[in-house]
**Q** 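Encoded as structure tokens, here's the structure I'll be asking about.
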Amino acid sequence: MLTEYEHFLKKAETLEEAIRRLYDIVSVLRKKCPWDREQTHESLRGAMIEEIYEAVDAIDRGDMDNLREELGDITLHVVFHSNLASENGEFELKDVLNEECEKMIRRHPHVFSAENEDKKAKTVDKVLEKWENIKSKEHSTETVAAKLEDVPRALPSLTRSFKLQKRAAKVGFDWDEKDGALEKVLEEFNELKEAISEGSAEHMEEELGDLLFSVVNVSRFLSINPELALKASADKFIKRFSKMEEIASKDNLKLEEMRVDKLELLWQRAKQDLSK
């Protein structure tokens, strides 16, 4: 390593030194590395989302070593984006950190304020209620429409739909019970069938979206996170397919060489074996 960068090899002893070490490394990369020099907020967008999902995956697997690594990658993005903004004279990393500190203090008056103890939030529900009220005032989302628009479009569609429906339900736009939500699923399913018979791709896409949206509504009534439910089904699909392949290999068969009817029989067998 070049002498001028040898100090980067030394591990930081304090949090402040660690933050400075990473910040200085990113600053050097922005000046010296051709790839890093070309990056923008927009070009890094996809990678940032991917790193967050990888951290969530590490949490799901209970892999703390991997979680530490992925949190480092997320922190790198925070520093990198802050560096980009600093170059453009918009804001710096210290502004990001200070603003977050101030937000946490504002949104936790039950912890940091000197208000009467009797009025402080003492349950999780009350804490969340205060958080949402303060957030609405900060974002100027006093109208229902504004609160819906405030749900990030970049969220996975199942999660975004879930949040939209929860916010609409707070003003009474909701079914009285889950039966109404279930009937809506059947209604949307029939409308999709009609669209398929018409053959209009645009109409089919619209009705399929409505069907998925109504299914998310049912998940809300059942207090089930639709994103996690679909994730579990996807994982189950992979597990069953793996079992199918395992069964087929014992008979020297390959899935890609089997007829669909044989694959269906194999699927049912795999399903049965995994349920034992």
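Every heavy atom of this structure was used, including side-chain atoms; hydrogens, water molecules and symmetry mates were not.
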**Q** Kindly say whether I238 contributes a backbone atom to a donor-acceptor pair with the side chain of S242 at under 3.5 angstrom?
**A**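 Not at all, since once roles are kept as given, no pair shorter than 3.5 Å links the two residues.
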
**Q** Please check if the number of heavy atoms outside E99 that lie under 6.0 Å from its CD is greater than 12.
**A** no

**Q** Does the Q165 side chain pair with the main chain of F213, one donor and one acceptor, at a distance under 3.5 Å?
**A**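 Looks like yes, one N/O pair under 3.5 Å.
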
**Q** How many angstroms lie between CG in D261 and CG in L266, if you round to the nearest 0.5 Å?
**A**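 Rounded to the nearest 0.5 Å, the CG-CG separation comes out at 11.5 Å.
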
**Q** Do you know the tightest heavy-atom contact between A195 and E207?
**A** CB-CG, 3.9 Å

**Q** State the OG1-CD distance between T143 and E149, to the nearest 0.5 angstrom.
**A**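 These two atoms lie 9.0 Å from each other.
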
**Q** Nearest 0.5 angstrom please: S157 OG to E227 CD, how far?
**A** 8.5 Å

**Q** So, does S43 use its side chain to make a donor-acceptor pair with the main chain of T40 at under 3.5 Å?
**A** yes

**Q** Provide the closest heavy-atom pair for E90 versus H41 in the form atom of the first, atom of the second, distance.
**A**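 Closest pair (atom of E90, atom of H41, distance): OE1-NE2, 4.2 Å.
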
**Q** Is the closest side-chain heavy-atom distance between M48 and F80 below 4.5 Å?
**A**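 No; the side chains remain at least 4.5 Å from each other.
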
**Q** Carefully, step by step, assess R61 and D57 under the rule salt bridge (charged side-chain N to carboxylate O under 4.0 Å, His left out).
**A** CA-CA 6 Å; R61 290 183 286 104; D57 185 58; 2.9 Å; yes

**Q** Under 3.5 Å, is there a donor-acceptor pair between the side chain of D36 and the main chain of K32?
**A** no

**Q** Shortest non-hydrogen contact from L208 to L192?
**A**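 What the structure gives for the nearest pair is N-CD1, 3.8 Å.
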
**Q** Mark yes or no for whether Q39, through its side chain, and W35, through its backbone, hold a donor-acceptor pair below 3.5 Å.
**A** yes

**Q** Identify which one of V78, V26, L22, N98 satisfies the side chain to side chain contact (heavy atoms under 4.5 Å, CB included) criterion when paired with L93.
**A**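 For L93, the side chain to side chain contact (heavy atoms under 4.5 Å, CB included) check succeeds only for V78.
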
**Q** Which heavy atom of E92 sits nearest a heavy atom of S86, and at what distance?
**A**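 Taking every non-hydrogen atom into account, CG-OG, 3.6 Å.
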
**Q** Under a 4.5 Å side-chain heavy-atom rule over Ile, Leu, Val, Met, Phe, Trp and Tyr, are L230 and V215 clustered together?
**A**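 Shared cluster, no.
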
**Q** Without swapping roles, check the side chain of T159 against the backbone of L155 for a donor-acceptor pair under 3.5 Å.
**A** no

**Q** Heavy-atom count around F189 CZ within 6.0 Å, excluding the residue itself: above 12?
**A**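 No, CZ of F189 has 12 or fewer neighbouring heavy atoms, counting only those of other groups under 6.0 Å.
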
**Q** Would you call D174 and R220 a salt bridge, using N to O less than 4.0 angstrom?
**A** yes

**Q** Quick one about Q268 and Q272 (side-chain donor to acceptor, distance below 3.5 Å, no hydrogens or angles considered), yes or no?
**A** no

**Q** According to the interplanar angle, ranging from 0 to 90°, do the rings of F237 and F241 count as parallel (below 30°), tilted (30 to 60°) or perpendicular (above 60°)?
**A** tilted

**Q** Looking at K163, I'd like to know if its NZ atom is crowded, meaning that more than 12 non-hydrogen atoms belonging to other residues, nucleotides or ligands lie closer than 6.0 Å.
**A** no

**Q** Which atom names give the shortest non-hydrogen contact between M244 and W267, and what distance separates them?
**A** SD-CE3, 3.3 Å

**Q** Look at the side chain of D63 and the backbone N and O of D65, then say whether any donor-acceptor pair between them is shorter than 3.5 Å.
**A** yes

**Q** If I take atom CD from residue E16 and atom CD1 from residue I19, how far apart are they, to the nearest 0.5 angstrom?
**A**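 Going from CD on E16 over to CD1 on I19, the span is 6.5 Å.
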
**Q** Applying a strict under-4.5 Å side-chain criterion to I, L, V, M, F, W and Y, I'd like to know whether V216 and L228 cluster together.
**A**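 Unlinked, V216 and L228 end up in two clusters.
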
**Q** Would you check if the side chain of R37 reaches a backbone N or O of K31 as a donor-acceptor pair within less than 3.5 Å?
**A**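 Yes: the side chain of R37 pairs with the backbone of K31.
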
**Q** Could you tell me whether the side chains of S214 and E188 share a donor-acceptor contact shorter than 3.5 Å?
**A**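 Not at all, the side chains of S214 and E188 share no donor-acceptor pair under 3.5 Å.
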
**Q** Is E42 salt-bridged to R45, going by a charged N under 4.0 Å from an acidic O?
**A**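 Answer for the salt bridge query: no.
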
**Q** Are the side chains of R167 and D150 in contact, using a 4.5 Å heavy-atom criterion?
**A** yes

**Q** Starting from I52, can I reach L158 by hopping between I/L/V/M/F/W/Y residues whose side chains sit under 4.5 Å apart?
**A** no

**Q** Atom CD1 in I74, atom CD in E51: separation rounded to 0.5 Å?
**A** 7.0 Å

**Q** Flag yes if V218 and L164 sit in one hydrophobic cluster, no otherwise; membership is Ile, Leu, Val, Met, Phe, Trp, Tyr, and two members link when side-chain heavy atoms are under 4.5 Å apart.
**A**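 The answer is no; the residues belong to distinct hydrophobic clusters.
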
**Q** Looking just at side-chain N and O atoms, do S219 and N225 make a donor-acceptor pair shorter than 3.5 Å?
**A**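 Side chains of S219 and N225: no pair found under 3.5 Å.
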
**Q** State, yes or no, whether a side-chain contact exists between R30 and L84 at a heavy-atom distance under 4.5 Å.
**A** yes

**Q** To the closest 0.5 Å, what do you measure between CD (E100) and CG (D95)?
**A**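 One gets 13.0 Å once the value is rounded to the nearest 0.5 Å.
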
**Q** For residues I25 and V79: do they belong to one hydrophobic cluster (side chain heavy atoms under 4.5 Å, members Ile, Leu, Val, Met, Phe, Trp, Tyr)?
**A**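 Each belongs to a different hydrophobic cluster.
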
**Q** For atom CD of E17, decide whether the heavy atoms of other residues, nucleotides or ligands shown that lie under 6.0 angstrom number more than 12.
**A**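 Correct, the count exceeds 12.
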
**Q** Decide side chain to side chain contact (heavy atoms under 4.5 Å, CB included) for W175 and N217; before the verdict, give the C-alpha distance in whole Å, the side-chain angles of both, and the deciding distance to 0.1 Å.
**A** CA-CA 9 Å; W175 302 104; N217 210 16; 3.4 Å; yes

**Q** Does any N or O in the side chain of R21 come within less than 3.5 Å of the main-chain N or O of F8, such that one atom is a donor and the other an acceptor?
**A** yes

**Q** Can you name the side-chain hydrogen bond (donor to acceptor under 3.5 Å, both in side chains) partners of R20, sequence neighbours left out?
**A** D24

**Q** Heavy atoms only: give me the nearest N83-S27 pair and the separation to one decimal.
**A** ND2-OG, 3.1 Å

**Q** More than 12 non-hydrogen atoms from neighbouring residues, nucleotides or ligands closer than 6.0 Å to CD on E205, yes or no?
**A**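 12 or below, so no.
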
**Q** Do L211 and E191 come within less than 4.5 Å of each other through their side chains, counting heavy atoms only?
**A**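 Side chain of L211 against side chain of E191, heavy atoms only: no contact under 4.5 Å found.
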
**Q** Take atom CG of D176 as the centre, draw a 6.0 Å sphere, and report whether it contains more than 12 heavy atoms from other residues, nucleotides or ligands.
**A**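 No, the 6.0 Å shell around CG holds no more than 12 heavy atoms from other groups.
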
